Amino acid sequence: MTTAPDRAELALAELGREAQACVACPLASSRTNVVFSAGGSGARLMFVGEGPGRDEDLAGEPFVGRSGHLLDRLIEEEIGLARRDCYIANVVKCRPPNNRDPVPEEVAACRHFLEGQVSLVAPAVVVTLGNFAARALLGTTEGVTRLRGSIHPFATGVLVPTFHPAAALRGGGLVLAQMRADFVRAKRSLGEAGVR
Ligand code: URA
């Protein structure tokens with residue numbers, strides 16, 4: 001018998017295969033790998049970044065470079081989970097050349113993949129990392145500096161906006177302290193949703 005989680009996992013795998021073959025925007029021609037996700041459909045906590053960088057493009061996995069190492073550390077230190085307990089994705093699945101920001105057409109072409117991932121994983125808590133992810137999922141033009149600090153109702157649970165780890169790596173102490181506080185908010189929201 002196929003259970004509901006199995007069905008979600010199968011549907012995510014199918015969506016991932018679709019992404020691997022995607023040529024809907026010009027990023028397809030410069031990518032090494034499509035970077036679809038890390039983690040499984042059973043995760044109750046989801047992280048959404050902007051788009052793959054060089055390390056991720058080479059590895060085919062999100063957040064494996066310096067930003068990823070900081071993300072893993074914050075997940076462990078502030079939430080008490082491991083990376084493997086989470087579902088991790090990006091707004092765009094292919095690396096923008098020279099790490100430039102994705103353009104609106106690229107975000108729009110990729111949007112159905114992220115929407116599918118959110119609805120199939122059905123996380124209790126989504127943490128957006130940086131401006132792009134917060135704006136894409138909350139449908140706002142507001143920046144993360146204003147959005148963070150609050151918990152937003154979203155899909156099957158709540159959304160906690162925070163800075164991109166690259167901002168903490170560039171900007172130092174205050175940004176990192178604010179990220180830690182946001183991760184504590186995410187942990188509290190998981191608890192309120194009955195996830196321990
Ligand atoms: N930055 C992102 O936004 N996503 C990644 O996967 C890596 C770096």
Side-chain angles (χ1 to χ4, degrees), residues 12 15-16 19-20 22 25-28 30-40 43 45-76 78-79 81-118 121 123 125-138 140 142-145 147-148 154 159-172 175-176 178-180 182-183 186:
L12 273 175
L15 197 62
Q20 297 300 327
C22 181
C25 84
L27 296 183
S30 53
R31 73 186 177 218
T32 309
N33 284 296
V34 173
V35 179
F36 187 67
S37 67
L45 174 60
M46 176 169 178
F47 290 90
V48 181
E50 177 178 324
R54 184 172 171 275
D55 293 327
E56 292 77 18
D57 175 63
L58 293 174
E61 183 171 339
F63 284 102
V64 292
R66 284 183 72 220
S67 288
H69 292 143
L70 177 55
L71 175 63
D72 293 354
R73 235 180 72 204
L74 292 176
I75 293 171
E76 284 169 23
E78 302 301 339
I79 307 185
L81 293 175
R83 172 186 174 91
R84 65 175 173 279
D85 301 318
C86 308
Y87 189 86
I88 306 176
N90 281 305
V91 172
V92 294
K93 311 305 187 207
C94 298
R95 181 191 184 203
N98 305 316
N99 295 342
R100 66 158 169 77
D101 290 344
V103 300
E105 293 73 24
E106 293 158 357
V107 172
C110 227
R111 188 168 187 90
H112 68 290
F113 289 122
L114 182 59
E115 286 173 353
Q117 289 172 305
V118 168
V121 176
V125 179
V126 174
V127 177
T128 53
L129 303 165
N131 279 323
F132 269 87
R135 287 176 178 156
L137 292 182
L138 290 174
T140 177
E142 209 63 88
V144 66
T145 307
L147 292 169
R148 67 158 295 279
F154 178 72
L159 186 151
V160 179
T162 194
F163 294 107
H164 194 285
L169 291 171
R170 275 195 310 270
V175 175
L176 184 58
Q178 289 175 324
M179 286 190 80
R180 287 191 182 278
D182 295 332
F183 276 58

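We count residues from 1, following the sequence as given. We use all heavy atoms of the structure for the numbers below, so side chains are in, but hydrogens, waters and symmetry mates are not. The structure presented is a predicted model; accordingly, all values stated were derived computationally and were not measured. As the structure lists them, so they are numbered: ligands from 1, and atoms in each ligand from 1.
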Chemist: Quick one: side-chain hydrogen bond (donor to acceptor under 3.5 Å, both in side chains) partners of E56, sequence neighbours excluded?
Modeler: none
Chemist: Does anything in residues 127-137 pair up under side-chain hydrogen bond (donor to acceptor under 3.5 Å, both in side chains), and if so which pairs, sequence neighbours excluded?
Modeler: none
Chemist: Taking the side chain from R83 and the backbone from H69, do they hold a donor-acceptor pair closer than 3.5 Å?
Modeler: no
Chemist: Between Q117 (side chain) and F36 (backbone), is there a donor-acceptor pair under 3.5 Å?
Modeler: yes
Chemist: Output all residues satisfying side chain to side chain contact (heavy atoms under 4.5 Å, CB included) with A28, sequence neighbours left out; order by chain, then residue number.
Modeler: V23, R31
Chemist: Where do P165 and L71 come nearest, in terms of heavy atoms and distance?
Modeler: CG-CB, 4.4 Å
Chemist: Below 4.0 Å from any atom of ligand 1, which residues have a heavy atom? Give them in chain and number order, please.
Modeler: G49, E50, G51, E56, P62, F63, N90, H164
